[in-house]
Number of protein chains: 2
Amino acid sequence: MEVKNKIDETGHERLVRCGIRPSVQRLAVMNYLMENRVHPTVDKIFSDLYPSMPTLSRTTVYNTLKLLVESGAAIMLTIDEKNTRFDADTKPHTHFMCNKCGAVIDLNINPPILRGNYIDECEILNSELFLYGYCPECANKNKN
Amino acid sequence: MEVKNKIDETGHERLVRCGIRPSVQRLAVMNYLMENRVHPTVDKIFSDLYPSMPTLSRTTVYNTLKLLVESGAAIMLTIDEKNTRFDADTKPHTHFMCNKCGAVIDLNINPPILRGNYIDECEILNSELFLYGYCPECANKNKN
DNA sequence: TTCTACTTTTGTAATGATTTCAAAAGTGAA
DNA sequence: TTCACTTTTGAAATCATTACAAAAGTAGAA
């Protein structure tokens, strides 16, 4: 079985590879994303980093995440209607969101890779497969 | 070839079938969605209906769309990061958004139907396949 | 080292979508 | 017609995100 979420780069290496100058703040956000694979929201990232970086600004987190996504160092997920979420895993994979607790989880099924195809004359560049339902914990609670 | 977006119900029938009392405003929103299959945003729906219903409130459009989605009379799409979009077609189908002009289009490919399956112990209730790229018009413009 | 130009961060204010809420209007049955 | 209930309305509040300009940081040249 494939190792899930394997990362063979440090945050610093990822930034440099993607052409991003590694400032303290950018490194903190990049490392946070690589170490916390729960698809965190902006607010989660900010409030987790803030205690150890009390001068950190929310705007910087927004700026940095935008830069990471534009440079291909992370991806943005719109699976959660309420908040944008971010993921350091840039390889195509499938996401699941629990309707009850809101957790966003990576699933071990491959999404259809359609990049480069034309469907109904539309040129496909990328695809997202989002699944919704109950996560293992909430599915169990539901049975009782 | 399958007829795309075939509708065999009136807006009134759809509301009743879904257990929604058909007020003037609800009927207007339901009919608008059934007649305008472009996955409109809340604001688009409101501003198109407003001229012929000058007492209509934006809040009513929000309330009504929420009710339609909860009752299964429409679906909500998070394909567009900026605005929630709505679709009267509740059958599983695939959506495409143009990276350039922002148009959201139905595609003639079937998304994987996973309802009822368990994947990585997650109970799947529904799925969304979102594709991004260039729509026919924008793909052509790109070539010049 | 100091100067200078450039990049990045910061905090506040603005924006825009959505929700809250309570009053007003509408509806339907007795 | 009254009464209880549902729905609509519009204003205010909320919340995520963006704009912006000042402050801070950085790095190379003199």
Side-chain angles (χ1 to χ4, degrees), chain A residues 11-12 15-16 18-33 39-71 73-86 97 102 104, chain B residues 11-12 15-16 18-33 39-71 73-86 97 102 104:
Chain A
H12 189 279
L15 291 183
V16 171
C18 294
I20 300 171
R21 292 162 178 253
S23 71
V24 174
Q25 291 86 347
R26 288 167 178 176
L27 213 61
V29 172
M30 185 78 257
N31 281 328
Y32 182 89
L33 275 185
H39 316 90
T41 62
V42 177
D43 208 63
K44 177 74 175 148
I45 299 169
F46 174 76
S47 29
D48 283 357
L49 291 178
Y50 186 75
S52 58
M53 300 183 74
T55 67
L56 184 65
S57 159
R58 212 176 233 96
T59 302
T60 299
V61 179
Y62 275 102
N63 290 343
T64 301
L65 289 168
K66 192 180 176 199
L67 184 64
L68 295 184
V69 171
E70 286 170 354
S71 311
I75 60 173
M76 174 192 292
L77 298 180
T78 61
I79 191 172
D80 178 352
E81 169 208 347
K82 296 293 176 197
N83 292 93
T84 311
R85 289 164 173 273
F86 294 87
M97 187 165 87
V104 175
Chain B
H12 189 278
L15 291 182
V16 171
C18 295
I20 300 170
R21 293 161 177 252
S23 72
V24 173
Q25 291 85 347
R26 289 167 177 176
L27 211 59
V29 172
M30 186 77 258
N31 281 329
Y32 182 89
L33 277 185
H39 317 91
T41 63
V42 177
D43 209 63
K44 176 74 178 153
I45 298 169
F46 175 76
S47 28
D48 282 356
L49 290 179
Y50 186 75
S52 59
M53 299 184 75
T55 66
L56 183 65
S57 160
R58 212 175 232 94
T59 302
T60 299
V61 178
Y62 275 100
N63 289 344
T64 301
L65 289 168
K66 192 180 176 198
L67 184 64
L68 295 185
V69 171
E70 285 169 357
S71 311
I75 60 173
M76 175 191 293
L77 298 181
T78 62
I79 192 173
D80 179 352
E81 167 208 348
K82 297 292 175 196
N83 292 93
T84 313
R85 289 165 174 272
F86 294 87
M97 186 164 87
V104 175

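First the proteins, then the strands, lettered A, B, ... as listed; each starts at 1. Keep in mind that what you see is a predicted model, and the values were worked out from it rather than measured.
Look at B:Lys82 and you'll find a side-chain N or O under 4.0 angstrom from OP1 or OP2 of D:dT18. Within the 4.0 Å cut-off from OP1 or OP2 of C:dT9, at least one side-chain nitrogen or oxygen of A:Ser23 is found. Residue A:Thr84 has a polar side-chain atom (N or O) positioned under 4.0 Å from OP1 or OP2 of D:dT17. Contact between the side-chain N/O atoms of B:Thr55 and the OP1/OP2 oxygens of D:dT9 is found at a separation under 4.0 Å. Put simply, B:Thr59 has no side-chain N or O that comes within less than 4.0 Å of OP1 or OP2 on C:dT20. OP1 or OP2 of C:dT19 has not a single side-chain nitrogen or oxygen of B:Tyr62 nearer than 4.0 Å. Residue B:Arg26 places at least one side-chain N or O closer than 4.0 Å to OP1 or OP2 of D:dT8. Distances shorter than 4.0 Å separate none of the side-chain N or O atoms of A:Gln25 from OP1 or OP2 on D:dG25. The side chain of A:Thr60 contributes an N or O atom lying less than 4.0 Å from OP1 or OP2 of C:dT10. For the pair A:Arg58 and D:dT17, the criterion of a side-chain N or O lying under 4.0 Å from OP1 or OP2 is not met.
Between A:Thr60 and A:Val29, the closest side-chain pair of non-hydrogen atoms is not below 4.5 Å. Inter-residue side-chain proximity for A:Lys44 and A:Phe86 is flagged as unmet; no heavy-atom pair is nearer than 4.5 Å. For the pair A:Met30 and A:Arg26, the minimum side-chain heavy-atom distance is 4.5 Å or more.
Following rounding to the nearest Å, B:Leu56 (CG) and C:dG26 (C1') show an atom-to-atom distance of 15 Å. Atoms CZ (B:Phe86) and C1' (C:dT18) sit 10 Å apart, rounded to a whole Å. The CG-P distance, from A:Asp80 to C:dT18, rounds to 14 Å in whole Å. Atom P of nucleotide D:dT18 and atom CG of A:Leu67 are separated by 14 Å, given to the nearest angstrom. Rounded to a whole Å, the NZ atom of B:Lys66 is 14 Å from the P atom of D:dT8. Taking atom CD1 on A:Ile45 and atom C1' on D:dA16, their separation rounds to 14 Å, with Å as the unit. The nearest whole Å value for the distance from the CG atom in A:Asn63 to the C1' atom in C:dT10 is 10 Å.
Under the 3.5 Å distance criterion, the side-chain polar atoms of B:Ser71 are matched with a main-chain donor or acceptor of B:Leu67. The closest donor-acceptor contact from the side chain of A:Arg85 to the backbone of A:Leu77 lies at 3.5 Å or more, if one exists at all.
Listed nucleotides D:dT8, C:dA17, C:dT7 differ in distance to A:Arg21; the shortest reach to its side chain belongs to C:dT7.
Positionally, the nearest nucleotide of DNA chain D for B:Val24 lies more toward the 5' end than for the other of B:Glu81 and B:Val24.
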